[in-house]
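Have a look at the structure below, then the notes.
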Number of protein chains: 2
Amino acid sequence: MSSNLYLRDPQETELGRKILEVSIEMIDELGFEKFTFRKLAAKIESAEPSIYRYFENKHRLLVYLIAWYWNWLEYRIDFSTQNIAKPEKQLKIAIDVLTQKKEKDLLFPSIDEAALYRIVIAESDKTYLTKQVDDDNKEGLFLGFKSLCKKIAGYVRLVNPKYEFPHALVSTLMQMAHQQLFFSDHLPSLTEIGTTNENVYDMNRRFLTDMVFKTIDN
Amino acid sequence: MSSNLYLRDPQETELGRKILEVSIEMIDELGFEKFTFRKLAAKIESAEPSIYRYFENKHRLLVYLIAWYWNWLEYRIDFSTQNIAKPEKQLKIAIDVLTQKKEKDLLFPSIDEAALYRIVIAESDKTYLTKQVDDDNKEGLFLGFKSLCKKIAGYVRLVNPKYEFPHALVSTLMQMAHQQLFFSDHLPSLTEIGTTNENVYDMNRRFLTDMVFKTIDN
DNA sequence: TATTTTTGAAAGTAATACTATCATCACTAA
DNA sequence: TTAGTGATGATAGTATTACTTTCAAAAATA
């Protein structure tokens with residue numbers, strides 16, 4: 001994780017880990033705009049200034065959580081593809097991991113991955129939809145997303161070296177892996193996903209796998 | 001336009017039109033979070049409560065502006081496809097209109113379409129990425145987006161009645177028509193668009209036309 | 001001219017996003 | 001053992017935001 005994401009590394013101290021744990025719970029519950037450091041401090045029985053010693057502001061905390069998620073996903077994709085040689089298979093597995101339902105990873109006891117996944121779906125676009133996006137990008141706050149996009153675009157390039165838009169297609173894939181689930185939950189007329197009795201994760205995987213492979217097939 | 005979008009119709013009065021005109025200018029310049037009704041009132045030499053008589057809050061004003069944009073686009077697509085019989089051609093034209101650079105439409109003198117387009121690219125997702133999305137949706141605040149999605153999905157269905165995900169594909173298309181431009185501007189490693197000397201609108205159109213037609217081709 | 005509607009001016013409120021100051025406590029180094 | 005350092009928490013304060021209330025004046029309408 002880029003050290004620009006925090007003032008003091010929250011994984012290193014008891015208080016830091018508590019901040020991560022409870023902020024995930026509270027952002028999931030309240031939504032990002034109603035979540036405040038004051039409420040967080042009250043809930044963990046600490047003080048507002050203590051939290052500001054870890055994160056410059058709540059936007060940075062959100063960026064940290066989303067970056068954590070993308071790092072975690074990249075690690076899972078690396079793990080799942082490690083003994084796979086064929087790029088078609090690697091790409092397929094990457095799409096599987098992207099679209100899978102997310103459950104508790106026992107390696108990280110202070111992170112509730114299921115709640116974090118809901119935050120990613122509902123809030124992650126807010127990390128970059130700001131006027132300071134260019135400054136934040138220069139500081140390397142979005143490396144997690146960009147690195148995973150690059151990796152999967154690499155598989156696309158191996159499947160079809162002639163395809164002209166691997167990064168654009170993969171950023172589309174990564175966005176839609178989450179946005180289609182949001183639509184299915186809240187604006188269901190925008191998607192077929194969730195309208196049959198097939199489970200939403202499987203259907204989303206089928207939709208995206210089909211779209212990606214047909215688009216790059218030659 | 002759904003009358004739930006406003007308290008008093010802003011198109012009907014001098015002050016209302018001024019609110020639309022100057023809010024577009026200010027949201028474009030400041031970004032949505034730094035834009036306030038107080039600043040708007042100062043700039044148009046009116047008073048804060050006067051603006052609250054037109055829009056419940058600044059979120060509703062943003063939703064109104066984005067809805068206006070989708071209505072305008074649907075009108076332009078209807079106009080451009082009116083004498084076209086072949087659904088392939090209709091779909092192609094819809095993608096063209098979606099991805100076109102947007103310039104002043106003299107029919108609407110108080111709306112700066114180029115500035116509004118930048119707002120759509122940078123801020124439109126914030127209309128629904130809120131905890132009240134379900135209430136807002138019930139009130140019909142997102143009908144503009146949904147109606148256009150339905151129309152274009154209808155073309156998709158005519159091109160290939162067997163394709164399983166027309167709405168999901170079209171919502172993907174509509175989102176990416178804007179998000180790829182944002183990436184090209186601010187996170188260029190996520191897309192090929194803007195990396196050659198081909199103009200971004202043309203390249204985005206090619207990327208999306210290719211993706212959509214390959215995906216639904218049978 | 002009378003009346004209703006729309007607007008603007010002024011002030012107020014609760015909450016937010018911080019910041020500053022300071023005492024305390026745990027840990028470490030001499 | 002003691003002195004010093006760094007992390008924490010308690011308290012309070014500031015500027016700004018997102019509204020709301022009240023009221024008088026101006027404009028539109030009947």
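Protein chains get the first letters and strands the later ones, always in sequence-line order, with residue 1 at the start of each.
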Checklist entry - Heavy-atom contacts under 4.0 Å between residues 24-38 of chain B and DNA chain D, which residues? => result B/Thr36, B/Arg38
Item to check | Length of the CZ-P vector between B/Phe55 and D/dC19, whole Å | outcome: 14 Å
Checklist entry - Which part of the nucleic acid, if any, lies within reach of A/Ser46 when heavy atoms closer than 4.0 Å are counted: base, sugar-phosphate only, or nothing? => result sugar-phosphate
Next on the checklist: From C-beta outward on A/Pro49, which listed nucleotide comes closest to its side chain: D/dT11, C/dT7, C/dA10?
Outcome noted: D/dT11
Checklist entry - Could a donor-acceptor pair under 3.5 angstrom be found where the side chain of A/Arg8 meets the base of D/dG6? => result no
Checklist entry - Can you tell me how far C1' of D/dA7 sits from CG of A/Leu7, to the nearest Å? => result 14 Å
Checklist entry - Between the side chains of B/Lys146 and B/Asn137, does any donor sit under 3.5 Å from an acceptor? => result yes
Checklist entry - Would A/Ser147 and A/Glu74 count as having a side-chain donor-acceptor pair, cut-off 3.5 Å? => result yes
Next on the checklist: Whole angstroms only, please: what is the CG-P distance between A/Asn57 and C/dC18?
Outcome noted: 5 Å
Item to check | Spacing of B/Arg60 atom CZ relative to D/dA18 atom C1', expressed in whole Å | outcome: 15 Å
Item to check | Distance-only donor-acceptor check, side chains A/Gln179 and A/Asp125, under 3.5 Å | outcome: yes
Checklist entry - Do B/Gln90 and B/Gln82 pass the side-chain contact (heavy atoms from CB on, under 4.5 Å) test, and can you show the C-alpha distance, the side-chain angles, and the key distance before you say yes or no? => result CA-CA 9 Å; B/Gln90 291 177 314; B/Gln82 60 186 337; over 6 Å; no
Item to check | Value in whole Å for how far the C1' atom of D/dA18 lies from CD of B/Glu48 | outcome: 7 Å
Item to check | Rounded interatomic separation in angstrom, taking CD from B/Gln132 and P from D/dA18 | outcome: 13 Å
Checklist outcome for this item: Between CG of A/Leu62 and C1' of C/dA17 the distance, given in whole Å, is 16 Å
Checklist outcome for this item: Among the nucleotides C/dT16, C/dC18, C/dT7, whichever has the atom closest to the side chain of A/Lys39 is C/dT16
Next on the checklist: Any carboxylate oxygen within less than 4.0 angstrom of a Lys/Arg side-chain nitrogen, looking at B/Asp134 and B/Lys138?
Outcome noted: no
Checklist entry - Between D/dC19, D/dT17, C/dG8, which one does the side chain of B/Leu15 approach most closely? => result C/dG8
Checklist entry - B/Glu48 side chain to B/Phe37 main-chain N or O, any donor-acceptor pair under 3.5 Å? => result no
Checklist entry - Should the pair B/Trp70 and B/Phe145 be assigned to parallel (<30°), tilted (30 to 60°) or perpendicular (>60°) ring geometry? => result perpendicular
Item to check | Exercise: do B/Tyr54 and B/Thr13 side chains pair donor with acceptor under 3.5 Å | outcome: yes
Checklist entry - Does any N or O donor sit under 3.5 Å from an N or O acceptor when you compare the side chain of A/Arg53 with the base of D/dG6? => result no
Item to check | Atom-pair distance (OH on A/Tyr52; P on D/dA12), nearest Å | outcome: 19 Å
Checklist entry - Can you check whether A/Tyr128 and B/Phe182 have ring centres sitting under 6.0 Å from each other? => result yes
Next on the checklist: As a check on the pairing definition, encode DNA chain D in dot-bracket form, counting Watson-Crick and G-U wobble pairs whose two distances are under 3.5 Å, and using | for partners outside this strand.
Outcome noted: ||||||||||||||||||||||||||||||
